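Each residue takes its place number in the sequence, starting with 1. These numbers were taken from a predicted model, which means no experiment stands behind them.
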Amino acid sequence: MKYNVLALPAAALAFSLLAGPASAQVVTSATQAQSGTYVVEPGHTQVGFSVLHFGFTNYLGVFSNVSGTLNFDAKNPASSKLSVTIPVSSVQTTSAKLDDELKGDQWFDAAKFPNATFESTSVRVTGRNDAIVTGNLTLHGVTKPETLKVHFIGAGVNALDKKYTTGFEATGTIKRSDFGVKMYVPYVSDDVQLRIAGAFEKQG
């Protein structure tokens, strides 16, 4: 395939003109984001996880098709509320065979427990863009309190769909045996590292 080298700078300029104004609207301080009710934007929300596999590798996977709401108060973040639902059958790794196993009754048992949920119970601000969010995680039919470290990334009008969007990153660690998912412990680690990309669109 041949490229027109003169066309590449022109294309880059056109893209920058398109993205530039929208990018300028993005704020990176949580106090400048718009308060209100948001819903999860599932196309850009991912719940990533990793486990230590037989001591050799940190094996990664992801859940998708997340739904839920965020009631965000920029002036009083501690009063914000988060509620999300994660369909367990959306689990995906680099192995289709493993994906099927994870959905089965020896692991997540997606047929019996189709959803995992997280309902926040408290938000404690720890920095300009950081907070500790505690809530009740329900997985595999078991509900336990868990804590996430949450970092605000940015908010503004999405250049493509023109919707006001805000985004966060969250990290945390849970023990899968606490939720009755004990297959291959300790050869596949009990500790599960979570890394979550959350995108939310403002309503109204």
Side-chain angles (χ1 to χ4, degrees), residues 12 15-51 58-87 90-93 115-137 139 145-174 191-204:
F15 181 79
S16 68
L17 291 174
L18 174 66
S23 297
Q25 298 177 20
V26 174
V27 298
T28 56
S29 174
T31 59
Q32 295 177 319
Q34 293 182 13
S35 299
T37 299
Y38 291 75
V39 297
V40 172
E41 197 275 275
H44 294 92
T45 296
Q46 301 171 318
V47 179
F49 65 90
S50 69
V51 291
N58 288 310
Y59 194 79
L60 309 179
V62 67
F63 294 95
S64 57
N65 299 320
V66 180
S67 61
T69 59
L70 169 66
N71 294 314
F72 180 66
D73 188 337
K75 293 183 178 180
N76 183 22
S79 68
S80 299
K81 297 287 185 180
L82 174 66
S83 174
V84 295
T85 298
I86 306 160
S90 69
V91 66
Q92 187 174 9
T93 67
N115 294 314
T117 61
F118 182 82
E119 301 274 350
S120 69
T121 55
S122 70
V123 177
R124 179 170 61 88
V125 176
T126 58
R128 185 172 68 96
N129 286 329
D130 298 288
I132 300 294
V133 177
T134 301
N136 292 319
L137 174 64
L139 174 67
E146 296 291 351
T147 298
L148 296 172
K149 293 182 179 179
V150 178
H151 177 72
F152 172 81
I153 295 178
V157 177
N158 187 312
L160 296 179
D161 61 17
K162 310 306 179 185
K163 295 181 179 180
Y164 189 86
T165 302
T166 186
F168 300 83
E169 181 178 73
T171 58
T173 303
I174 64 172
D191 284 354
V192 180
Q193 309 295 327
L194 300 177
R195 192 174 192 91
I196 302 164
F200 299 84
E201 293 178 342
K202 193 170 186 286
Q203 302 301 288

key: Nearest heavy-atom neighbours spanning Ser80 and Ser120   = O-OG, 4.3 Å
request  = Mind listing the closest non-hydrogen atom pair of Asn76 and Ser79 along with its distance?
outcome  = O-OG, 2.8 Å
query = Any side-chain donor-acceptor pair under 3.5 Å between Gln193 and Thr173?
reply = yes
key: Least distance between heavy atoms, Gly36 atom then Lys202 atom   = CA-CE, 4.3 Å
ask   = How far does NZ of Lys81 sit from OG1 of Thr37, to the nearest 0.5 angstrom?
value = 13.5 Å
Distance in Å, Glu169 CD paired with Asp130 CG, rounded so as to fall on 0.5 Å steps = 10.0 Å
message = Run Phe200 and Leu82 through side-chain contact (heavy atoms from CB on, under 4.5 Å) and show every step you take.
response = CA-CA 11 Å; Phe200 299 84; Leu82 174 66; 3.9 Å; yes
ask   = Where is the tightest heavy-atom contact between Ala155 and Tyr164, given as atom of each residue plus distance?
value = CB-OH, 3.5 Å
inquiry  = To the closest 0.5 Å, what do you measure between OG1 (Thr117) and CG (Leu137)?
reply    = 7.0 Å
query = Does any N or O in the side chain of Ser35 come within less than 3.5 Å of the main-chain N or O of Ala74, such that one atom is a donor and the other an acceptor?
reply = yes
ask   = Just wondering, do Thr166 and Phe72 contact through their side chains at under 4.5 Å, heavy atoms?
value = no
task = Show your working on side-chain contact (heavy atoms from CB on, under 4.5 Å) between Glu201 and Asp161 and close with a plain yes or no.
result = CA-CA 10 Å; Glu201 293 178 342; Asp161 61 17; 3.2 Å; yes
request  = Quick one: pull up CD1 in Ile153 and OG1 in Thr165 and give me the separation to the nearest 0.5 Å.
outcome  = 12.5 Å
message = For a quick test of reading the model, state the closest non-hydrogen atom pair linking Asn65 to Pro87 and the distance between them.
response = O-CD, 3.3 Å
request  = Check step by step if side-chain contact (heavy atoms from CB on, under 4.5 Å) holds for Lys149 and Ile132.
outcome  = CA-CA 5 Å; Lys149 293 182 179 179; Ile132 300 294; 3.6 Å; yes
note = The side chain to side chain contact (heavy atoms under 4.5 Å, CB included) partner of Val84 among Val66, Thr45, Val47 is Val66
query = For residues Asn129 and His151, is any side-chain donor paired with an opposing acceptor at under 3.5 Å?
reply = no
task = Identify the two heavy atoms, one from Val123 and one from Ala131, that lie closest to each other, and give their separation to 0.1 Å.
result = CG1-CB, 4.0 Å
query = Which distance, rounded to the nearest 0.5 Å, do you find between the CZ of Phe118 and the OG of Ser83?
reply = 10.0 Å
key: Sidechain-backbone polar pair: Thr93 side chain, Gly61 backbone, donor-acceptor under 3.5 Å   = no
inquiry  = Measuring only between side-chain heavy atoms, which start at C-beta, is Phe49 closer than 4.5 Å to Val62?
reply    = no
